[in-house]
Amino acid sequence: QPPPPPRQLNAQQAAVADSTASELSVRAGAGTGKTHTMIQRAVRLVRLGVPPNCVLMVTFSVKAAEELCSRVGHAFAALGVPPRLLPVGKTFHALAFFWVRRYWRALELGAAPAPLTGDAGVRKFMQRVLEEQVAEKRLEWCVAALRKHLLRPGGADADGAPPSWEVVLAFARQSLPASWRRACEAAEREVPFDEAQAAPARKKRRGGRDAADVAAEEEEARARRAELEAARMVARRAHVYLELRGAQRRSSRARAPPAQRATGEGEEEEGGPMPPGEDPIARLWLGASKKERRDKVAFYLELVRRGRQQRQGYSEYLKDDADVWRRYDAMQRREGRLDFDAMLLHFHRLLGEHEGARRAFHAAHSHLIVDEYQDNSEMQAKLLELMVNQADPQVTVVGDDDQCIYCFRGAEPGNFSRLPQRYEHCTLVDNYRSTANILRVAHVLLEECARREAKTLAPTRETGAPVELWKVTTPAEQ
């Protein structure tokens, strides 16, 4: 798309572009040329000596960021600025992910971050969280059952401590040798131990290899073998648990009276009842249908989303719900798989807790221009406070509280009213997009909004045709 023909700034737009305020708030109504005005403000900053690539322009959506970057490129090409030195244009989430990926070790993430995006990917991740929680509960139940039924009456070692897994597995091997053998075979199939996989790739060298390289390779091989052995042991424990539970149920059912055998009563009495406080997540998950599991996944994703947006803590939820949320966060940190909210949370933590990263950010982005400010969540508003160098604040926020449509994603219509009093305020109301009739109808509707700053858009086009109300029933008709 060729760039639109350049036009002169009107008085309102020129006041924004030429403002000397270090902290500027701009309420820009629909169709008032706010993007053009933002770009012209960036141009003015560069003409005053600010390096172009130190100007950071942040917007809400990917589409808006792409359009902004395209128009910035056309505007700065006229100034002779090469593409690699253009102002940076990103969404909040893309910006957060870039810096979190740069400092992921400082944030103590388990791996280099990768975005967890798409509804299907996020649902699958939450499903893994629930399955991991259920698997862990199963192993806990297994230990509790073995304490009571496989170890001596005290259910503990000689020193009174709970039995370790090594003790549990040793008793399983002695008490149920056939079940143990089947469990180990199943574990081997599930997590094969491959020496070739455990050994690191040999680097081809023309000459000899020094001792440090050899030691590093051997250490890597040992770590890989330990990792595979740990995975195999987890699988073995799970299979042992299933075998033991089955064996206990068969044994106790065989010993139960005929009447109880018919109804299933007493099945767990001899073999060992489930420990008190059985986890409801496991109870609901193991016997649930596919639809019930999908509903459970959706429920916990919504719980996590709302909890993060409202900045609540684990302690404000029921224990079982809090355990799922805590595990969801922990698995994201461990695997480096970050959803959109986690990107912002870790970015906020990075700038808030790591002075070196904060200084590097301020050095890279000395001047900020934030578009669509009305769609920012409370987290994004707090993040902006850290993004701005408070020793030399240079920030412009632009938006329209009449266009706040992302409340379902945590957007706050009152963002502008919560800005510090030190911000200078400007308003753009000259509309270049719509006819006078359309603006008149829009104004009547907006007057019904209780939480808005009053402003009336001024038409610059003709009256136009009368506004018609059409009712359609299908997307094709629309």
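Leu338 is not listed as a side-chain neighbour of Phe347, based on a closest heavy-atom distance of 4.5 Å or more. Counting only heavy atoms from C-beta outward, the side chains of Tyr103 and His354 never approach each other to under 4.5 Å. Proximity of Met38 to Thr396: side-chain heavy atoms (C-beta onward) are nowhere separated by under 4.5 Å. Counting heavy atoms from C-beta outward, Asp371 and Phe60 have side chains that stay 4.5 Å or more apart. Counting heavy atoms from C-beta outward, Arg44 and Leu48 have side chains that approach closer than 4.5 Å. At least one side-chain heavy atom of Val397 sits under 4.5 Å from a side-chain heavy atom of Ser25. Between Thr435 and Asn437, the closest side-chain pair of non-hydrogen atoms falls below 4.5 Å. You'll find the side chain of Asn10 reaches within 4.5 Å of the side chain of Tyr432, heavy atoms only.
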**Study point:** From CA spacing to verdict: side-chain hydrogen bond (donor to acceptor under 3.5 Å, both in side chains), Arg349, His346
**Key:** CA-CA 5 Å; Arg349 186 161 66 90; His346 286 296; 3.1 Å; yes
Requested in this report: Show your reasoning for whether side-chain contact (heavy atoms from CB on, under 4.5 Å) applies to Phe299 and Asp321.
Outcome: CA-CA 10 Å; Phe299 169 80; Asp321 295 341; 4.2 Å; yes
- prompt: Step by step, would you call Arg128 with Glu335 a side-chain contact (heavy atoms from CB on, under 4.5 Å)?
  reply: CA-CA 12 Å; Arg128 286 179 52 215; Glu335 299 182 5; 2.5 Å; yes
**Item:** Full working for ring pair (Phe, Tyr, Trp, His ring centres under 6.0 Å) between Phe97 and His93
**Value:** CA-CA 6 Å; Phe97 183 73; His93 295 98; over 10 Å; no
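Of all non-hydrogen atoms in Leu9 and Gln13, the two that sit nearest each other are CA-OE1, 3.5 Å. Nearest heavy-atom pair across Ala28 and Asp400 is O-CB, 3.0 Å. When all heavy atoms are compared, the tightest approach of Ala42 to Val55 is CB-CG1, 4.2 Å. Closest approach of Leu457 to Ala30, counting heavy atoms only: CD1-O, 3.7 Å. Considering every non-hydrogen atom in both Ala75 and Ile39, the closest pair reads CB-CG2, 3.5 Å. Across all non-hydrogen atoms, the minimal contact from Cys426 to Val16 is CB-CG2, 3.8 Å.
A donor-acceptor pair is defined here as one N or O able to donate and one able to accept, closer than 3.5 Å; such a pair exists between the side chain of Gln390 and the backbone of Glu385. With Arg123 contributing its side chain and Val297 its backbone, the two residues share no donor-acceptor pair below 3.5 Å. Listed for the Arg334 side chain is no donor-acceptor partner under 3.5 Å among the backbone atoms of Gly110. Under the 3.5 Å distance criterion, the side-chain polar atoms of Glu316 are matched with a main-chain donor or acceptor of Gly313.
Atoms CG and CZ, from Leu303 and Arg308 in turn, are 10.5 Å apart once rounded to the nearest 0.5 Å. Atom NE2 of His367 and atom OG of Ser22 lie 9.0 Å apart (nearest 0.5 Å). Summarising the geometry, atom CG belonging to Leu79 is positioned 5.5 Å from atom CZ belonging to Arg47; distances are rounded to the nearest 0.5 Å. The distance from the CE atom of Met57 to the CD1 atom of Ile369 is 4.5 Å, given to the nearest 0.5 Å. A distance of 7.0 Å separates OG1 of Thr460 from CG of Asp430, quoted to the nearest 0.5 Å. The distance from the CD1 atom of Ile438 to the CZ atom of Arg461 is 7.5 Å, given to the nearest 0.5 Å.
A salt bridge links Asp295 with Lys291: the closest approach of a Lys/Arg side-chain nitrogen to an acidic carboxylate oxygen falls below 4.0 angstrom. Classification of Glu67 and Lys63 as a salt-bridged pair fails, no side-chain N sitting under 4.0 Å from a carboxylate O. Comment: Arg305 engages Glu302 in a salt bridge, judged by a side-chain N to carboxylate O separation of less than 4.0 angstrom. Between Asp329 and Arg333 there is no salt bridge, since no side-chain N of the basic residue sits under 4.0 Å from a carboxylate O of the acidic one. Using a 4.0 Å cut-off between charged side-chain N and carboxylate O, Glu372 and Lys34 make a salt bridge.
By the 6.0 Å and 45° rule, Arg102 stacks over the aromatic ring of Trp99.
With Val100 as the fixed residue, the side chain to side chain contact (heavy atoms under 4.5 Å, CB included) test singles out one of Leu345, Leu344, Leu109, Leu95: Leu109.
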Let me check something: any side-chain donor-acceptor pairs from residues 471-478 under 3.5 Å, sequence neighbours excluded? List them with distances.
| residue | atom | partner | partner atom | Å |
| --- | --- | --- | --- | --- |
| Thr473 | OG1 | Glu477 | OE1 | 3.4 |
| Thr474 | OG1 | Glu477 | N | 3.1 |
| Glu477 | OE1 | Thr473 | N | 3.0 |

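Within a 6.0 Å sphere centred on CZ of Arg326, other residues, nucleotides and ligands contribute more than 12 heavy atoms. With a 6.0 Å radius and a threshold of 12 heavy atoms from other residues, nucleotides or ligands, Glu462 has its CD atom above the threshold. The local environment of CZ in Arg306 is sparse, with at most 12 non-hydrogen atoms from other residues, nucleotides or ligands closer than 6.0 Å.
For Arg71 and His74, the side-chain atoms include no donor-acceptor pair closer than 3.5 Å.
Residue pairs meeting the salt bridge (Lys or Arg N to Asp or Glu O under 4.0 Å) criterion with at least one partner in residues 10-24, sequence neighbours excluded, are Glu23-Arg422.
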